[in-house]
Amino acid sequence: MNPKPLLRVLAGERVDAPPMWLMRQAGRYLPEYRALRAEKGGFLELVSDSEAAAEVTLQPIRRFGFDGAILFSDILVVPHALGQDLWFEAGEGPRLAPRLVDHALESLTAAPERLDPVYGTVSRVAAALSPQVTFLGFAGSPWTNATYMVAGQGSRDQSETRRMAYGDPAAFQAIIDAIVAMTIDYLAKQIEAGVEAVQLFDSWAGSLSPSQFERWVIAPNAAIVAGLRARCPQARIIGFPKGAGGKLAAYARETGVDAIGLDETVDPAWAHRELPAGMPVQGNLDPLALIAGGDELRTAATRVVDALRDRPHIFNLGHGIQQDTPIAHVEQLIAIVRGTPAA
Ligand code: CP3
């Protein structure tokens with residue numbers, strides 16, 4: 001039997017205390033992360049330094065003993081590898097240039113070697129992880145990455161990208177196709193370097209109408225799943241179309257992913273009824289309940305575990321852990337989910 005509970009669940013097995021990890025589990029709520037980030041000078045410096053990125057990946061595993069370790073990197077390394085410049089404005093967020101709202105994709109020169117440090121991180125972490133911990137890689141989904149590539153930064157409603165998808169669907173399709181091809185290669189190389197499953201983050205999937213969702217979320221993710229399986233037949237893939245709501249069941253049926261990540265706005269009991277029988281589900285505690293702690297946290301976490309008791313379940317948050325989350329609350333959550341006495 002595979003000794004890794006998280007991989008067993010991804011293969012469709014139901015296990016008693018759900019295996020757990022937290023999105024953004026390596027990050028600014030951890031003092032050891034802030035210290036290493038300050039030493040290296042910034043977030044992108046950390047990501048491109050394989051030794052430091054491996055250390056950051058392992059920090060939450062050492063501290064909390066999670067069942068899954070997620071590669072420390074960022075989804076925007078793929079736009080960077082497609083030839084855009086990438087930087088972070090202090091206190092604001094990511095920037096990409098030139099913006100594809102006014103520059104043709106053909107003006108970019110792809111630089112896939114920019115991804116090489118990530119594979120170095122993967123092989124270091126794979127060599128260091130203990131046998132019960134599952135190693136997860138990831139990439140951004142094409143739609144979400146495209147919203148940053150087109151606008152050159154994050155935006156509240158992805159309006160410029162949605163306009164381009166309607167106004168010039170051929171040009172937009174070419175951007176999506178370029179992301180799909182780079183992402184297949186990137187995920188295959190992560191798997192070849194040692195990750196055991198991958199997650200596709202589609203943070204802005206919720207901004208699309210149903211027909212646009214079919215075209216720009218479901219179709220490209222299905223293409224990634226098919227392309228990745230052609231290269232790595234053993235690939236285990238978690239899809240996380242944040243905000244998809246009622247479109248989750250179509251996403252689950254049509255993309256070919258092995259498992260579905262739920263954001264915190266989805267009722268897990270609804271998901272259990274609507275998603276294909278036996279399909280593993282990941283999620284979906286509200287990150288703000290984790291900040292609250294105490295009885296609120298106990299009630300919210302128990303509700304998630306109980307709702308998904310009858311299907312393969314990986315416990316997680318519905319979105320990334322926030323920077324002001326008390327470490328003691330993470331410890332409390334682990335005890336609640338695992339049913340260990342410290343709770
Ligand atoms: O889950 C993990 O711990 C793995 C690492 C990871 C990061 N970003 C590290 C990170 C993952 C999976 C991501 C995904 C990501 N990055 C998404 C999709 C998921 C989501 O959260 O919606 C998006 C949209 C991005 C782009 C991005 N990167 C944004 C909008 C930001 C925030 C900017 C800011 O200053 O907070 C980042 C930065 C980022 N990515 C941080 C981390 C730990 C914070 C870096 C820091 O300042 O130390």
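Sequence positions, counted from 1, serve as the residue numbers for this chain. Just so you know, ligand 1 is whichever comes first in the structure, and atom 1 is the first atom listed for that ligand. As the structure is a prediction and not an experimental result, all values here were calculated from the model.
For atom 31 (C) of ligand 1, the candidate residues are Y148, F88, Y29; the nearest heavy-atom contact is made by F88. Distances from atom 35 (O) of ligand 1 to the heavy atoms of R28, R37, E89 show the closest one on R28. Considering each of S73, G154, G42, the one bringing a non-hydrogen atom nearest atom 7 (C) of ligand 1 is S73.
When every heavy atom of A26 is checked against every heavy atom of V56, the shortest pair comes out as CB-O, 3.5 Å. For the residue pair Y166 and S209, the shortest heavy atom distance occurs at OH-OG, 3.5 Å.
A salt bridge links E160 with R99: the closest approach of a Lys/Arg side-chain nitrogen to an acidic carboxylate oxygen falls below 4.0 angstrom. Look at K40 and E45 and you find no salt bridge, because none of the NZ, NE, NH1 or NH2 atoms lies under 4.0 Å from a carboxylate O.
Numbered from 1 in the order shown, with element, the atoms of ligand 1 that lie under 4.0 Å from a heavy atom of I70 read 1 (O), 2 (C), 3 (O), 4 (C). The atoms of ligand 1 that sit less than 4.0 Å from any heavy atom of L71 are 4 (C), 5 (C). Against a heavy-atom cut-off of under 4.0 Å, Q25 is close to the following atoms of ligand 1: 3 (O). Close contacts of ligand 1 with F72, meaning ligand atoms under 4.0 Å from a residue heavy atom, involve 43 (C).
By the 4.0 Å heavy-atom criterion, H319 is counted among the residues contacting ligand 1. Remark: distances from the non-hydrogen atoms of V47 to ligand 1 are all 4.0 Å or more. Residue-ligand proximity: A26 is placed with a non-hydrogen atom under 4.0 Å from ligand 1.
Checked against a 6.0 Å centroid threshold, the rings of F72 and F43 count as neighbours.
Residue-to-ligand polar distances keep W21 apart from ligand 1: every N/O pair is separated by 3.5 Å or more. For the pair W204 and ligand 1, the shortest N or O to N or O distance does not fall below 3.5 Å.
Side chain of Q25 to main chain of I321: no donor-acceptor pair is present (N/O by atom type, distance under 3.5 Å, no hydrogens or angles).
One distance of note links CG of L6 with CD1 of I314; it measures 4.0 Å at 0.5 Å rounding. Note that the CG atom of L36 and the CD atom of E51 stand 9.5 Å from one another [nearest 0.5 Å].
Residue-level proximity to ligand 1 for L46 is absent, since no heavy atom of it falls below 4.0 angstrom.
Between the side chains of R163 and S159, at least one donor N or O sits under 3.5 Å from an acceptor N or O.
The single protein non-hydrogen atom nearest to atom 33 (C) of ligand 1 is G93 CA, 3.9 Å, given as residue, atom name and distance.
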